[in-house]
Every structure is written in C-alpha cells, then in structure tokens.
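Residue numbers start from 1 in every chain, and the chains themselves are labelled A, B, ... in the order their sequence lines are given, proteins ahead of strands.
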Amino acid sequence: QDTQLLFELSHAGRRATRLPACDVPETPVAELLPAGVLAAAPPELPELAEPHVVRHFTNLSTQNMSVDTHFYPLGSCTMKHNPKRNERAAAYFGALHPLQPQESIQGILRLLYEAQQYLCEISGLPACSLQPAAGAQGELAALLVAAAYFKDQGQSHRRKVLVPDSAHGTNPASAVMAGFGVVTVKTKTSGAVDMDDFHAKLDDDIAVFMITNPNTVGIFEPNMGPIAEAVHARGGLIYLDGANMNAILGIARPGDFGVDMQHYNPHKTFSGPHGGGGPGAGPICVTDKLAPYLPAPVVAKRGEGREASGENGGAEYFLDFDRPKTIGRLRSFLGNVGVMVRAYAYIRSHGPDGLRAVSDNAVLNANYLLSRVKHFLPVPQGDRCMHEFVASGAKLKSERGVSAMDLAKRLLDYGYHAPTVYFPLTVKEAIMVEPTETESKATLDAFAETLFKITGEDPDLLHEAPHTTPISRPDEVQAARQPRMCYCG
Amino acid sequence: QDTQLLFELSHAGRRATRLPACDVPETPVAELLPAGVLAAAPPELPELAEPHVVRHFTNLSTQNMSVDTHFYPLGSCTMKHNPKRNERAAAYFGALHPLQPQESIQGILRLLYEAQQYLCEISGLPACSLQPAAGAQGELAALLVAAAYFKDQGQSHRRKVLVPDSAHGTNPASAVMAGFGVVTVKTKTSGAVDMDDFHAKLDDDIAVFMITNPNTVGIFEPNMGPIAEAVHARGGLIYLDGANMNAILGIARPGDFGVDMQHYNPHKTFSGPHGGGGPGAGPICVTDKLAPYLPAPVVAKRGEGREASGENGGAEYFLDFDRPKTIGRLRSFLGNVGVMVRAYAYIRSHGPDGLRAVSDNAVLNANYLLSRVKHFLPVPQGDRCMHEFVASGAKLKSERGVSAMDLAKRLLDYGYHAPTVYFPLTVKEAIMVEPTETESKATLDAFAETLFKITGEDPDLLHEAPHTTPISRPDEVQAARQPRMCYCG
Amino acid sequence: MPYLYNTPDETREMLDAIGVGSIEDLLAMVPADFRLRRALDLPPAMGEMELDQHMQMLAGQNHDASDKVCFLGGGAYDHFIPAVVDAIGGRGEFYTSYTPYQAEVAQGNLQAMFEYQSLVCRLTGMDISNSSLYDGASAAAEGVMMALASKPGRNRVLAPASLHPEYRETIETYLANLDVEVVTLPTPAGVLSIDELRAALNDQTACVLLQQPNFFGCLEDADAATAAAHEAGALLISVFDPISLGLLKRPGDYNAGDGADIVVAEGHSLGSPLAMGGPYLGILACKEALVRRMPGRIVGQTTDRRGKPCFVLTLQTREQHIRRDKATSNVCSNQALFALRAAVYLAQLGPQGLQETAGLCLQKTRYLADRLATTERFKPAFKVPVFKEFVLRDRECDVDAFIAAALDAGFLAGVPLGRWYPDLDDCLLIAVTEKRTKEELDRFVAFVEALAKDTEAAELGEMAESFG
Amino acid sequence: MPYLYNTPDETREMLDAIGVGSIEDLLAMVPADFRLRRALDLPPAMGEMELDQHMQMLAGQNHDASDKVCFLGGGAYDHFIPAVVDAIGGRGEFYTSYTPYQAEVAQGNLQAMFEYQSLVCRLTGMDISNSSLYDGASAAAEGVMMALASKPGRNRVLAPASLHPEYRETIETYLANLDVEVVTLPTPAGVLSIDELRAALNDQTACVLLQQPNFFGCLEDADAATAAAHEAGALLISVFDPISLGLLKRPGDYNAGDGADIVVAEGHSLGSPLAMGGPYLGILACKEALVRRMPGRIVGQTTDRRGKPCFVLTLQTREQHIRRDKATSNVCSNQALFALRAAVYLAQLGPQGLQETAGLCLQKTRYLADRLATTERFKPAFKVPVFKEFVLRDRECDVDAFIAAALDAGFLAGVPLGRWYPDLDDCLLIAVTEKRTKEELDRFVAFVEALAKDTEAAELGEMAESFG
C-alpha cells in the first residue's frame, strides 16, 4: 500500500477537523495580541481528509515487525509480551493532571507509593525514585546522587567512574554528563570483568563502578562479590545497570550482592510496551545513605493502610517535596506515570511466585536456545547463560564470508526480527539473542532450525538479504553523507 | 506469519486466564446440581498462553483487505470510511443492560428516539422501528407489517410480491419467509423495470412491489412514478430496499416518490463498520397507516425537550410496548443499538448540508470513475449513474477470454479490493463498482489506470491471478463437495 | 466534511472530465417532482469535539453496569471481557472489512470464522456450526424454521414457558404467516414437566425447544426431554448459555449422546459487551444431517491452486443470493465481528478458564439466593437447582418500588417478570456473574434488610401518625 | 502464568535437551550467598478480572479532568484528542515494536518519525528536528547542553523567571556538576524585561531561554529577546507551546527571520493524554548548523539497494552506542509512540484545525480572565496579553482554601504558584483550552461569586454570633 508522505497526499482546502463556533463573545485577535507575536499565515501543515490519515498510518503500521506479530529476540531489549490488560488499566489514569490537589489523586499516589515499595523489595534497596524518564536518565540521576553524596562527604575528588568495555554506551555517556571521568575496564571472552585490569584501574579516586549484571553477554558476573568488596573498600559505590533484571527476579537482589544504586527498565522487566523506541521509564533504587539525594518529589505516606481493599484505611499519600539534599528534578512532574501503572499491573498480576517464574522461564528459554544454537554458531561465553546469550559469527565470517549482519537480515525474510548484532563490542560478529520467557518451545525450535538453515545458504543470497521485506537494505552511508531529515516538498 | 489453527497451537496445561478464588463459601458442585446436568469433563477448548492469542489473531487480521487499509469499491456494499469518533462514542454506551429501569437509561432512549426521527425525516416516512438486526430482517419485518395490514383490511388474498430480477436475493427470500409468493419482473439492460412485463404481472392479488431505487445498476428507476401509481391503484404497497440510500440523502425522499415502507442499512449509508460481515442493522420506516403494525417496542416520548442541551427539558423517553396491532418482535431486546449509536453520531456529524454533500460526492465520484472506465469496459446502462455503476466484461470475455472474475482477482495483486462481480444477474460479466464519497480523485484515477492496464495484460497471467496474496484462488468445488466446516484434530 | 476529499477545484476538474456543468446535472435522472426542494430538517453538523461532548452528555444521562452493581440477566449478562478481546476486535482490518467474498484477501476473517465454528462445535458437541446469526432469539426462530423444513408435514412446535419469552415471541413472529402452531407448555414449577411434554408431543410435532438453564435460571431435565422428543420423531432444539457449558453437559451429549439436533444460543456473553442489548451474537449449530437446511454463512476449509490449505465461504447454494425465493433463509450477513470476539474469548479462557467462570457464577448465585431467601422481603419462587439466575417472590408485591429503591442505592436489582408472566408479577429475576464480589452481594443483602426495617419504621410511623 | 508457555512436560524436555536436571541447575552461576532464600515480599498474584477491578478501585479514588472541569495548566493541558489518534496509537505494530534497528522491517516507525520531524520543522520554522526526547523540561536541558557545546568557552545560561520553574530546576540539575552558571532573570511584570536581558548578557553567555507564551501565559517580546541574544553572540533557545503556533509566530521567524537557534517544547498537547504528567513528548529542533550537536535519534531519508526511497536512523556517530563517553548526550531512546501520536494529531487537524484550536483557547481564556477579574475575590496579577493561561491574585490570600472549595464544587481550579514563587503565593495560574464551554466558564464564575457571598455571609454570621 501507499508509502507516499503525508505532505504528498495534501491538497489545499481539505480538512479532517472542524472546531465548533466560538461560544463566548469573540474579540478580533488583533485586539487581543500585539501584531509582533502573530504568525503571518496559518501553520504549514498538510491538508488531509480523515480517511487519508487513517489509511496512511494504518498501512505504515503494517510495515513494522512487532512483538504482537513476530518473534523479536532482540538481545538486551527484552522484547516480551505486552499484556493488553495493562493497556486497559493505564487508560483509567489518562485524565489525571499532574498538578491536581493531592486529595483528588489518592488512588494514583497509592499506586505509585506501592510501586516504589515493590521496586525496593525486588532490588533489595530501601529507597526509590520513579522520576527518571528512561534507563539512561536513571543512570544520570543515580550518578548525580552519587556526586551529591560524595560532595556532602567532602570527597569531591572522587571523579572517576569505572565502566566495563561490554557495557551499554549509555553508561559512559551518563557518567560524563554527571561530570565524571570514565575509565574503561576490560572484560574477558566469557563476559566476566578482567580482574587484573579492574585492580589496575581501581584507586582512591573512584566514585562509582557501573556494572551490568547479569551482564551484556548474559552471564552473572562471577566476580561480583570481589568487585563490590574492593570498590566499597576504596570508598566507592556500585551502580547496577538494571537492563537485565528480567533474569533475576526473586532469584538474587542487587542490594544483596553489593549494589548501592540501580535503575530499572520497566518497559523491559515489567512488560511496558516499547512503543517503537519509547516511552520507557528509569526508576532508581538506592541505599539508605543515598536516599536523601534522590530526585524530588517522591511519593510518601502518612498513617496506615497498605491493604488492597477499597479503603486506604486512614492512610494519606502525598508528594514529598521537602527533601533538602535532593539533586533536584530531571524532568517535569512525576516521571512516566503511565509506564509505572503498567509495571504496577504487571507486578500485581504475577506476585512473588509469578515474578520468579518469569525469570526462571527467561533463563530456561535462553539456555534451551543456546543449547540448540551453539552447535552451529559458537557461543564464546560457554554452555550456560542467564536470560540471553551472545553467539559469534566470526567463524562463519571467515569461512564463508557471511557476516552477522547478513544472518540478521536473512532472518527477516523468514519472519523473525533479527537479534542484536555487533554488541557487545567485545565479541566478534556478535549475535545477541534474548528469547524472553513469553515465547514457546515451538517458536524457539523453529527459530533455531531457521538459523541453522541460513548458515548453509548461498552467501550471495545472504549478502543481498532481505528479499521479501518492504525495502531492501538501505544505503546508510548516503543517509549520513547527504542527510535528508525533513521533507522539503 | 503463522496461520496454524488455534487448535494446533494448543498444549495441555497452558493457560491465559486465571479466575480469582471464590470469595463466598463454596459448596461442592455435586451438592448444588444434579449429576445428570453436569459435563463429564471440562470443555474441549484449546489451551493457549496470551501471547499466542494476541499474535495469532493480530497476524490473521493482516491477511484481510479492509477500508482502513485499501480502496474497497465493492458495489452495493457502500464500503465508505468508518469514522473513528463513532467507535469511541459507541463505547460510552457499552455497559447498558437492555432490561434496566427506564429512568436509568434516558440518555440512550433519547438518542434512539432522535435516531427514529432522523430516519423518518430522511426517508419522508413518518414512523420508524429500529428493531430489525440487518437489512434482510428489515425486509422481513416490513413484509410482515404489510401482511398484518392486509389481514386487518380483510385482504388476505393479497399473497403476491413482485420483485425485479435485478433485486438483491434477500428480497425474494424475505417475501417467502413472510408467507408471500414471489413473481419476478424483468428489467432492461439500462436497469429500468420492463414496464410491459410489470403490467403483465400486476393484478389485484398484489401485496407488495419490492423495488431497489437507486437500483442495483446504480440508476434512479425512470418509471418510479408510474410504478408506484399503478401499484397503489391496485391496492398494493411499495417497499424500498434501502441499500442504496447513500445516493439520495437530501436529494429525494422515498416517501415522496411513492414508497410505503423501506429499510435502511445504517452500516452502509451511515458508515457503521461492516465488521467482516456484520453486525449491521435494518431499521424500517413506514407510512402512518402501517405504523400500528411495526415491531414493538418503539421508543416514544412524553412531554417536551428535543433540544440538544444537557437537559431533556422535562421530556421523558420510554419504550412503548402498548401496541396491540404489532407484528411482535423479530429478535430480543431493542435491536442493534450499537449500530444505531454510530448512525446517530454520523448524522449529527453531518447535519443537513453534510448529508447532502455525502450523496453529491458519492454520485460525483461514481460518475467520474464511470467516465474513465467506460472507454475500455462498456457500461451498458449508459453514461450516467448515481452512486455506482455496472460495467460489463462480456466483450473482454469473448475477445480475450478474460472473465470478470479474472479482472477482479488481478486487482487484488495491485492492492485494490475487487468490485462486486456477477451481480446483478441481468448484466453479463457484471463488474459493479461503488467508489463511495470517501475516496479521493487520486485514488479513482489510479484505480481506473490499473483497471485499464489489466485489460491489456496476458490472459494467462490473469487466469492465474492473484499472484501476490497470501493464498491463490481457492478450490471452491472441493470445499462444497467435501465440506470441512470444523476442525477435527 | 471530515470524510470527503473533493475540494471545489477537484470537483470542477471531475465534472469537466465527465462533461457536465454541475453535480445537479448528474442528478438529472431523478425526476424533478421527486426532488426534495429544501434542506433536510436535521440539527446542524457538529465537529468531532462537539460531537464527543454531546455523546458524553447523553451517556451521562444513563446509569449502567459500570456505575451500579448489576444483577440483571434475562438473556444479557455482565460477564468479564478480557482486554485481549477488545484489542483484537478493535483492529481495523477486522472491523472495516466486509463479507469475505474475495477469499484471497480475507483469509483473516475466514480463518477466524472457521475457528469460531470449530469452537462452537466443540463447546456444544454438534457437528456443524454456521458462522453466526443476529442474536439468540432470531437464531432460535431460524432453528425452528430448519426443524420445520426437515420434518415436512409436521407443523407443531412445542415451547415451554421457561423458554425466554422474547425468544417465544420472535418464533411466533417468524411463523405468523406460515401454517404452524406454536404451543406453549406451562412451567408452574419453574421447569418443564416431562409428563406434560410427552402428553403434548404428537406426530405433528416438528420440534421441541428446551432452554438450559432456562429463563428462570432453573435446570431442566434435558436428558428426558431429548428422549421424549426423539421418541415422538421430533427434533430437540437446545437453547443454551455458552458460559454454563464450563460446567454443564453439552447439548450434543444429552440423553447419553443421543443429543440435541439443533442448538442455538445468545453468544454475547463470549466477549461482547452488554451494549443495551445489541448487536449480539446468534449461535446456531446442528448435527451433520441438517447442514443443507442450515441458514447463514458457513466457512469451509479447502486448498488453493498451489495446494495450500485455505478457507472460503461454502455451501452457498443454500443461500439467498443464489437460491433467491428457494433459499433456506433470507439471512445474508453474519455477526462476524462478534463471532471473532467469541473465538478470541474462548481462546483466552481455555477449558479451565471457562470452567472456573461457570463455577464462580454457580457459587455466587447460590450464595446470594440463599442469603436473600433469609430476608423478610423475599422468598424463592421455585425449588429447583439454578445456575446463574434465580427468581424471587416479593412478599410485599411491589417489585417496581423495590427496583427503584435499589437503583437509588446503587443496584440494578433484577428483571421484573410481570411483563411476560402475569402470574409472576410479584417476581424478580436476579443474575449473578463471576464479576460480582462477596462484598457487593453482602451489600445488596444489607440493603434489602435495611429496606425492610425502613418500611417497618415507616409503617410504624404512619401508624403512630394516624393515632397521633 | 498467563504469559508463559512452558508446561511441566515441556520444561522437562527442554532441561533434558540442555542437559541439566532443573532450572536451579541453570542458576548455579549465581553465587550461592547472593541467592534470595525466600519469596519476594509482594502481594499475591491477581488474575485479569481481579486486577481490573483493583485498578478501577484505585482509579475511583481519583478525580480527574473527566469528572471535574479542568482549568489546570502549567505545562500540561486538557486539549481534545481526536479518536483517530487513539486508533492509530493503539495499533500493536506501533506500540509493541522497538527502536527501528532493522530498517527493512521498521519502515512504518521510520516513516512516521520522518514525518514527525518534518511536521515539527514546518511548525517551528527550524531546519532539523530529532525524533523526540523525554519531555519538555529535559528537552530544554538538552537544548542548553547543545548550546554550551556549540559555544565553547561560554558558560553562562540566562533563564527568565517566566520560564517554567520545573524546566529551570531540570536545567540546574543537568548542569550541577559542570562548570556552568545559570542566571535567573526576574520577571516581576510577568514578562522578561529586554533591558534587563541586555544588561545580563555578556560574552560568557552561551544562551538565553525564552518561553512563549511563558509560564504565566503571558506573551514575551520574542523578537527583541532574539535580537539581544544574537547581538551578544548567544543562542536563543525558544520554549514554545505547539498549540499556540496555530496563531503565534514560529520561533524560526522571530526577529524578522533571524529566528531562534534551538527550539524545545512539551509536545503532549499534540494528541497525548494528560496521564498524570507522563510519559510526555520532548520536542527539540534546531538550525542546520547545530545538527551534529543534537542529542537523540534522527531519522533520515535514503534509498535502498534497489533505489527505492526509504528511511533509516542516521547521524548515529553522535550517539552514545558508538561514541560512548564522547557522545553528545546519553539519550538512547525517544518517545516514538508519542511522536507518532503528534504526527497523527497534526495530520488530522491540519492548518485550519490548529488555527481554530488556538483561536478558541485565546478567546475563551480572555473571556474567563475578564469575567473573573470582575469578581470581588480576584484581580489580574499581570497586565500583559495572554494566550491560554493567566495569573490571578487572590484578594483573600487563601489560594489553597479556594482550590479545595472549587474541587468540591466540581472544578480543578488552577495551579497555585507559591511553591515556586514565594512572592506569588496568593496567585493562581488558570488555563482554558478549546474544550471548555461557555457554560463551564460561566458556572465557574458563578461559583466564585457565590463563594464570595458565602464568605461574606459567614463573616456576617460570625460577626452576628460574636455580638449575639
């Protein structure tokens, strides 16, 4: 179907929207506003009829792969099923204005308060802020908390943040934004931190060690204990990139393995839809000593009543702005409340046993798929993983000239979204597969068989893949060299 | 994507739904119900997880063409844009139980009362029942009304219903269900009733002449006046099949051209979505003398207050069951209220000028397309039409061996839903095209060009068409000879 | 005109291409004396925001099951609808498509219909289901038409009073001008007496309708009724509640597998909203032998030219667009969207989900029936096991006042039976679905008890006043 | 476990294939002393129906703009959302997909983002837009970071007090550990004084932020501010209200086309719900020269191998996943779903729709402001033209009590300014969108008038009592 741009469909004089006549006495605009602030002409928007709008965007939607339609084993992104009941529930809170009187929003404040408590319990860390708008902003918030803490402690010399080379790119970028310097720590093929390099780079200037655990190759960091011990001994803090929390719900709590601060990606761990790139959210949990520095406001409670009944049992929920040591705010209002409503619904839908089952099955599915794939695509990290694994296409590349990218593109032809490729940077021709717990054995089997089949296909066919998608491979070089980022019709 | 059946995806022990524990004291089922009424085992349903259900049905949906995605010029079916605002509005009335106390449903009763009034005004007939569930049931209802009227008048000998041979098949079928005998009247190539045949078949036993006007070839019946006059002179009634009301809104009213009874297809005329085959609705309007026989209840009003303000101005709306001459009911409750809510919203969105513009543009679009198509596909009815026209593929068939079906199937390859083919039966290789008013000139141009292009394509290519759809032509003979209408796995 | 494209310049261009001067010229084929020479008398157009506010205003003049505790049943029930059903039913590709005349671009609808048919067959124990009819009542009437057609020479239909009265009315309307006698069998005990059924059956009887659970919520002796009907050479048409089949015997299994011949149901409970009574979903299925008499669309499985399994509309020679006045029925559409919703609902619930739903209905109904029977105001009307509905007799004989008071107190209390059953005009039909919580049930009982006290107090007050 | 597939037998099969005895064995890589040896302390699982009832219960403990007349603004507005926006935004293919890493199977998202970028550019008069950021406040902070990066050596940021206070706070948080001075310029008259701005500008100034209309709803002299900033070699960062651009000059056209350099906005008004303040839509666009400093994802048009035009993520070398600690920002996602909604909203409204919407906001705001100014209780705080918000001073200095009384009477009356502006703690910020009807405005005025009388009466009463 048509992929013309909205602008190309426009025709002067068409309209999809008509506003009612003004029902209050009208004053000419020129009398209400000075000429200098007014536009000379109506905004330059396309002119369309409603059927255009509907058909255009509906047809665009069908050019996407999505979790609702396809297996989407995009490593590190946790593309799990997005429950429809959560979408319905979120709509119940759609008409709340963020600046309403607090007595008129006790229901949502109670929900957010409970969400804070749940995140604390799951992380094993006692204090929580829901404000950050995304994982990356959570990282920034936590690092600003750390900076404020050290400043308060008279340790402003601690300017160094240690980041493993397998970390998400946001980690070093966030550290720089928070005013720190970044020191990269090497990791091994197994994904584990290179302890020699770690010790070589650890000194008394350390502020924070940022660790992703389970890490980006999908293993639980074997040196977690020693690392935390060493960092703490030097007076530093451990920050956990919580992108992979899906693997350890109810199995291990970051607060119990030495973490001082972490963010969550509720859109991953707690099934918030990814929305084509966002919105997500990035709530953070921290230890008691860091709590005073959290972004304000946080949701607090006076009186009793955690019960799930229709009554709040005398409890009153409120926004606590009175936090003199706060780092301030990182965005307007309270954070991505809608994402937290979905996360709350998800946690309530599962309970303790259900969340544990989520992680158990995420690990089971990943290991099962690993066991099927490793025979034809080596997995350098070994035979075991947590929720995801990273296979290497290096051998395929050297022997048959087939790159990880070729493999990825060819999978599209078979109706699978591609895994993450070329990340982490530490594995050659990395193919990072995260099946998630919401896929069936039958799907995993079919995927493994397809992957195997592809490794035997004609390399030329693969270089040219995909063949059945709405477009073939785009020219990214042209896009960057002669950037066209705006319709100029 | 997968087109496995739900049953093939099933695996014992999977579940998508868990009901809460019973919160009232439970009694063993065996103590509450006699053994004889109980099932021996749980129902034989597939066992699935929610991601299955979502992905399965989402992927199925994308195998359909629809108005939201494609031009759908299916003649006689009026596949116009289905406004999203109507869907939203309908949801506001989703939780109403049909047997609520009437004081608790004044809003919906008011809406339905107004809808009755609007339909009466548009048809020029003074009485309305919203009860029939579809056009065909509207026909049946109206014919039962006619039968009851004649019985009341002591004219039960009137058992004959005249139906033109170009009528929808429902017309004769409804007549038979209502206890009448059917006499077919011929029509000419132009679509007009053959007046000689009409007069030959008209006698004093006539009960009803069922006419579709504008008729199924899309012209306004030129003999409408004489037909109505003759039928009325013989004591008969005129029934209008209202399938083509989209062409005459505000232009001509059936009550003004001699019609005594008509049904509407709100899912066509008033933009109710077709739902893959239903639900529709089939409200009917009749003259005063037929009003007492309408299905009960109808919505009535006491006191004043037709105003659109927040108040009903003292008016009280109620369901009038006290109709001693009623034919009874044709279904439970009040009819397809949800469809009428959409129709109401549509009428309110347009007002008198807007509805007139709908028909004007339906006629304009059809004539424009006719003017482009007639050069390569003859249109026996001539150069003019109302909302649709019927081209004939007879020449193409005889000269190139390409059938109307081949043409229809090939259009699918180009991303167009096919027109209606082989109806009406009076036109050879009929290709019945109804563009509707909610398509743009650009779409009509592209469609006409494609149609032209196809008429010149290799006949073998066309016999095998479609080529790009999820399936090729199905074997309908096999389906009928070895019917498999149920999964027997 | 939010849905129209043609701007004045485009209109001009198109008219030029056609070769006329104006749209009026195109309308010349409408005889002048039929032309409406004024604007329609309708309210002026509203933009979307205005419309939305207007529709919300109208909606605000209603109460409904979302703001009152709903105990209404009588053929429409406040069952829970999983969000998945709305998500799928809201896909434009499903609801803005039409009847799958072009199978190649309608496999989505066709497969979903085939799955619906298969689910209905499994649920009911029948061989063939059509792809749905308008609603339960008209499906019952179509079932009767099928029975009559398959039993030529027989023209007697037996319908117990415990069959939904609107279904009986619908059947009578459909049969009004055909030479058929519809006999209503009384059910004073709340269920059909098998002895009376046997007495009423004769060799003119084409079919017996039996609703299970019946309109009063009571459980009929379906095995015995099936046996009796078949012994007399009549067909048994079962009217069932799809939710009840989570616990109850399938109609196809009645009388040790002898089974109903035709089954019909109101299917809205399977994932479609109350929606003021419609559109709903008419379920109709039957034994294999009756398939050529079956009305409505049927989807069949076949293969395409490349041998790929696929689905098409089939057995269309039964239908009106081919058979015209010889068709089995005038039905030419189905309720595809709601059949789809039913398929999604059943897939989402699965065997256990449906069983649990039925179990909760049963338990909660029993609980409320027992508790209300202990109040001073009500007593049970019948002494028969019930499933999710029951009839209470109002000792004060003032059902309407009770309903009005209950509405004020936040309850849609029940359906008064007097309109259909003069002898039950002091009776109320109360339904309890899985959605009702114990708290709601207890609150309703408390309301009834408090009302009794109020009445008492008021009466004492009046008494005191009259003595004062 | 509604979302899990593995049944016990499948689990067994999979464990066998892996070659381990249990899932516990797979977890062996988690050191034993880190294992949680108890269940998480969370409430037990709820099925869907129970969850839905629970969520409705929580929702029932709120009031909101659907049951109260909403006059709240301050960066979040009760604008009308066309149904088309919800229909498109609710498509699973949009909201359950992720960042378009595989362009071949993400053209839907990519094209929609390209269209969003183009619409933003046309709306604002900028050259380049990214594909969105988190919200207006963080977009403002990112804009400041861009300005600082593009003006090396300059470390002074000027922000008038009339800039949204939460935006100022956010900027301060972002800059906390960088060597930058944020100077707040006072705006006692409700708008920035251009003289004071000129006085504050110096060669250390990297940028000036200017909100139009500003936080108080007032219209700033954007032309003069732009000129002043540019004269001092600083960038002008415009913070705009997208709805206002139906009437107001585009930031790119400020000062006769000289224009803002960077524009940022809160975009939720373009078709996304109030939703308690988030997720929202951060709009950021700039002039061409600044594109390599721009944070966030950008979609570009290119061609595929067959020469077909298509869309891809582009200029990724700016981004963190490639540049890591040298990236322009740590942002690695966007608000694609809300950018899509904004594109649908703008397509549905078109030029006239947006103009009419802005016009209604303006007229209704003026009407209410004038009417409230005639009441005894309120007087205008500022004497400057406003667009859709205005500040009133409460003569009784009891804003909180007024808000509470208004809530009881059915109004979300306004935002109290005391939290951010101690000198305005007797002030209320009131917003009026196109959705507010004259009836609602008059009812609000009547409420204020009645309240005054009540207070008077109460005071008289008290007086009477004290004399009594």
Side-chain angles (χ1 to χ4, degrees), chain A residues 17 19 23-24 42 44-45 57 60-61 63-68 81 89 92 94-99 104 106-107 133 136 169 172-174 179 182 220 252 257 273-279 328 331-333 336-338 351-352 354 360 368 371 438 440 469 471-472 474 478-479 484 486-487, chain D residues 5 14 18 29 34 39-40 44-45 55 58-59 61-66 72 88 91-93 95-99 104-105 107-109 118 121-122 134 137-138 166 173 177 273 276-279 300-302 304-305 310 312 314 320-321 324-325 327 330 333 335-337 351 353 356 367 438:
Chain A
T17 295
L19 275 293
D23 58 355
V24 301
E44 291 177 21
L45 299 173
F57 285 105
L60 279 187
S61 79
Q63 303 205 2
N64 288 339
M65 280 190 180
S66 65
V67 170
D68 271 7
H81 175 64
Y92 300 154
L96 288 164
H97 192 285
L99 299 176
S104 72
Q106 286 297 300
S174 299
V182 173
F220 196 95
F257 56 74
H274 286 69
R331 47 154 299 162
S332 57
F333 311 124
N336 284 353
V337 173
D360 278 356
Y368 177 71
S371 78
T438 64
S440 68
T469 49
I471 62 160
S472 60
Q478 175 195 325
R484 285 196 60 193
C486 174
Y487 174 76
Chain D
Y5 287 91
M14 293 165 78
I18 299 166
M29 74 167 76
F34 294 155
L40 288 167
M55 299 302 276
L58 288 175
Q61 294 182 357
N62 303 318
H63 293 288
D64 63 22
S66 74
L72 301 180
I88 299 299
R91 298 221 10 122
E93 292 94 327
Y95 78 82
T96 77
S97 58
Y98 199 30
T99 305
E104 297 88 343
V105 291
Q107 285 298 299
N109 280 327
S118 303
C121 288
R122 290 184 165 215
Y134 310 135
S138 58
E166 295 193 348
T173 305
N177 301 318
M276 193 67 192
Q301 190 171 29
T302 182
D304 74 359
R305 292 196 173 179
C310 63
V312 287
T314 193
Q320 41 69 37
H321 64 282
R324 300 182 75 86
D325 56 327
N330 73 339
S333 60
Q335 304 291 93
L337 187 64
E356 287 173 11
Y367 176 78
K438 179 168 185 296

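- Each of D:V105, D:T302, D:D304 was scored for a side chain to side chain contact (heavy atoms under 4.5 Å, CB included) with A:I471, with one residue passing: D:D304.
- Between A:A252 and D:F34 the shortest heavy-atom distance is CB-O, 3.4 Å.
- If you tally non-hydrogen atom pairs under 4.5 Å between each of A:S332, A:G354, A:G328 and chain D, the highest count goes to A:S332.
- Heavy-atom pairs under 4.5 Å with chain A peak, among D:P351, D:G353, D:A327, at D:P351.
- When all heavy atoms are compared, the tightest approach of A:A136 to D:N330 is O-ND2, 2.9 Å.
- Looking at heavy atoms from C-beta onward, D:E104 lies in side-chain contact with A:P474 at the 4.5 angstrom threshold.
- For the options D:K438, D:R324, D:H63, heavy-atom pairs under 4.5 Å to chain A are most numerous at D:R324.
- Taking each heavy atom of A:P352 and D:L40 in turn, the nearest pair found is CB-O, 3.2 Å.
- Taking CD from D:E93 and OG from A:S61, the interatomic distance works out to 4.0 Å, rounded to the nearest 0.5 Å.
- Between A:T438 and D:Y5 the shortest heavy-atom distance is O-CE1, 3.1 Å.
- Closest approach of A:N336 and D:P279 over heavy atoms only: OD1-CA, 3.2 Å.
- Taken to the nearest 0.5 Å, the CD atom of A:Q63 stands 6.5 Å off from the CD atom of D:Q107.
- Across D:E356, D:Q301, D:M276, the residue that shares the most heavy-atom pairs under 4.5 angstrom with chain A is D:M276.
- Between atom CE of residue A:M65 and atom CG of residue D:N109 there is a gap of 13.0 Å, rounded to the nearest 0.5 Å.
- Of the two parts of D:Y98, the backbone and the side chain both hold a non-hydrogen atom closer than 4.5 Å to a non-hydrogen atom of chain A.
- Between D:S97 and A:N64, the shortest heavy-atom distance links the atoms OG-ND2, 4.2 Å.
- Of the listed residues (A:A89, A:P42, A:A95), the greatest number of heavy-atom pairs within a distance under 4.5 Å of chain D belongs to A:A95.
- Heavy atoms of A:H97 lying under 4.5 Å from chain D belong to its backbone as well as its side chain.
- The backbone N or O of A:G107 sits less than 3.5 Å from a side-chain atom of D:N62, completing a donor-acceptor pair.
- Only the side chain of D:T314 comes within contact range of chain A, with at least one heavy atom under 4.5 Å from a heavy atom of that chain.
- Side chains of A:P279 and D:L337 form a contact here, defined as non-hydrogen atoms less than 4.5 Å apart.
- When heavy atoms are compared at a cutoff of 4.5 Å, D:I88 approaches chain A solely by way of its side chain, counted from C-beta outward.
- In this structure, the portions of A:S66 lying under 4.5 Å from any heavy atom of chain D include both its backbone and its side chain.
- Between the CZ atom in A:R484 and the OG atom in D:S118 there is a gap of 8.5 Å [rounded to 0.5 Å].
- Atom CZ in D:R91 sits 10.0 Å away from atom CG in A:D68 (nearest 0.5 Å).
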